[in-house]
Amino acid sequence: MSHTDTVSVEDNASALSLHQQCGNIARLTVAQALAGANSVVVYATGAVVGNVLAPDKSLATLPISIFVVGMAACILPMGSIARRYGRRMAFMAGTGCGVLVGLLSALAVVLGSFWLFCLATFFGGAYAAVVLSFRFAAADGVEPAMRARSLSFVMGGGVAAGVIGPQLVTYTMDFWPPYTFAITYLVQAAVAALSAVVLFGVHLPLPSAKKVAGGRSLSFIVRQPRFITAMICAAVSYMLMNFIMTSAPLAMQMCGHPLETANLGMQWHVIAMYLPSFFTGRLINRFGSGRVVTVGLLMIGGSAIIGLAGIDVAHFWLTLILLGVGWNFGFVGASAMVLECHRPEEATRVQSFNDFIVFGTMAIGSFASGNLLAVYGWDMVLWVSFVPLILAVLVLSVTAVFNRAPSIDHA
């Protein structure tokens with residue numbers, strides 16, 4: 001697609017041809033698989049490396065918390081880049097951060113610098129912030145009835161990330177003794193560079209001045225009860241997934257389980273996060289996003305109950321697997337609800353704001369997770385997770401009863 005062709009359809013997303021739509025979705029799905037390895041590597045190694053490098057063991061999970069802060073801090077700037085210069089420009093900026101996190105992390109391990117490692121994970125969060133927009137980018141130029149399925153399908157690319165990430169860690173972590181994980185981070189940087197090549201071929205409508213300035217005010221949109229509900233459910237789903245997952249690898253080590261076992265548990269967790277995406281969109285179209293979100297929240301609660309039942313490998317793995325499926329239903333369902341709350345010209349502003357709130361909340365949970373694990377143990381992490389979970393279920397139930405009317409006029 002030429003630049004002229006792109007500009008000619010900038011005010012009409014549906015002008016994208018079926019071939020272009022399919023090509024975009026395919027590339028975004030592959031990029032989701034490659035970019036997802038970035039997050040998997042950080043989550044699988046962050047607390048372990050942090051535990052070795054940190055001046056205080058209570059700071060072991062701080063690098064992962066900084067990763068989440070990076071996500072929250074960079075979502076709005078990346079959204080602004082997408083709104084002014086197009087999504088592809090934001091994709092390139094994000095993958096640049098993905099290369100940087102790998103290089104800086106490797107250097108931090110070699111130098112033994114905890115704070116450099118924290119800086120590196122911040123850039124990893126910036127990369128992840130851009131990856132989050134892949135799901136919404138998949139809905140650009142797609143008929144409304146197909147948006148949930150397109151969003152869900154791209155999320156399905158994370159299944160490959162669930163294999164690539166943990167295996168990348170397992171086969172490279174001891175390649176350069178005594179600098180454990182140094183080669184892992186260098187390979188991760190190379191994978192991020194490959195993701196940039198894939199994303200460069202994505203063709204989406206460029207924003208016009210009218211589109212950038214148009215639409216209703218953000219304050220009006222975010223006051224919609226359905227949007228508030230979607231935002232709370234997405235925030236709780238993601239926060240609890242991160243809250244429990246952040247602590248799980250270190251908790252397994254504390255319980256005497258080997259690192260390879262924790263890596264395998266993370267692999268199945270990430271696969272469980274993304275595998276349902278191949279049919280979550282169909283479930284949303286058939287049963288509605290609210291019901292899918294409800295099931296997801298209940299699954300997250302079930303994962304905490306399993307974790308409280310014991311500390312064997314099976315308990316950890318089942319907790320992580322059910323947590324992953326619950327996150328998928330909760331987060332993908334809530335994302336589909338967000339698509340119902342804005343018009344095309346409002347998309348990047350509303351989506352960026354939603355993700356900013358979601359990951360700002362998630363950052364709070366990430367910081368709390370490390371302290372709870374260090375001071376009170378694994379069980380307390382699981383017990384505390386029920387508080388936001390109950391809140392989200394209550395909000396969703398109230399909205400289902402009192403907000404039956406359509407949230408937006410698409411005319």
Side-chain angles (χ1 to χ4, degrees), residues 38-72 101-102 104-125 128 165-166 169-170 172-174 178-182 184-185 188 238-267 269-270 304 307 311 313 316 319-320 323 359 362-385:
N38 166 68
S39 298
V40 174
V41 168
V42 172
Y43 280 120
T45 66
V48 177
V49 173
N51 193 52
V52 173
L53 299 181
D56 186 325
K57 298 304 180 184
S58 65
L59 298 177
T61 61
L62 181 62
I64 296 179
S65 298
I66 295 296
F67 175 86
V68 179
V69 170
M71 292 172 69
V101 61
L104 289 178
S105 294
L107 182 61
V109 169
V110 172
L111 298 179
S113 173
F114 176 71
W115 300 112
L116 180 60
F117 185 62
C118 288
L119 176 63
T121 59
F122 180 88
F123 285 107
V169 173
T170 298
T172 63
M173 63 182 184
D174 296 320
Y179 304 117
T180 305
F181 299 124
T184 299
Y185 295 129
Q188 182 269 315
Y238 223 124
M239 181 182 71
L240 291 182
M241 186 278 293
N242 182 75
F243 186 70
I244 296 173
M245 182 183 67
T246 296
S247 297
L250 189 53
M252 291 183 74
Q253 271 198 324
M254 293 167 63
C255 293
H257 303 302
L259 183 59
E260 290 78 8
T261 300
N263 287 342
L264 191 56
M266 288 295 294
Q267 174 177 311
H269 167 70
V270 177
I311 57 173
V313 171
F316 279 104
T319 293
L320 289 170
L323 177 68
F359 296 102
M362 179 177 159
I364 297 173
S366 184
F367 278 108
S369 177
N371 289 329
L372 283 173
L373 180 65
V375 178
Y376 298 105
W378 173 241
D379 281 3
M380 182 58 70
V381 171
L382 298 172
W383 279 115
V384 170
S385 67

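Worth saying up front: this structure is predicted, and the values here are computed from it rather than measured.
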Val109 versus Thr180: any side-chain heavy-atom pair under 4.5 Å? no
So with a 6.0 Å cut-off around CD1 of Ile311, is the heavy-atom count from everything else above 12? no
Partner residues of Phe123 under the ring pair (Phe, Tyr, Trp, His ring centres under 6.0 Å) criterion, sequence neighbours left out: none
State, yes or no, whether a side-chain contact exists between Leu104 and Phe122 at a heavy-atom distance under 4.5 Å. no
Under a 4.5 Å cut-off applied to non-hydrogen side-chain atoms, are Val101 and Phe67 in contact? no
Would you call Thr45 and Met173 a side-chain contact if the rule is heavy atoms closer than 4.5 Å? no
Quick one: are Val384 and Tyr376 in side-chain contact, heavy atoms under 4.5 Å? no
Taking side chain as C-beta onward, heavy atoms only, is His269 less than 4.5 Å from Leu323? yes
Any heavy-atom pair between the side chains of Val42 and Tyr185 that's under 4.5 Å? no
Please report the shortest heavy-atom distance between Ala128 and Ser39, naming the atom on each side. CB-OG, 4.0 Å
Over 60° means perpendicular and under 30° means parallel, so tell me whether Phe316 and His257 are parallel, tilted or perpendicular. perpendicular
Can you tell me if Thr121 uses its side chain to pair, donor with acceptor, with the backbone of Cys118 under 3.5 Å? yes
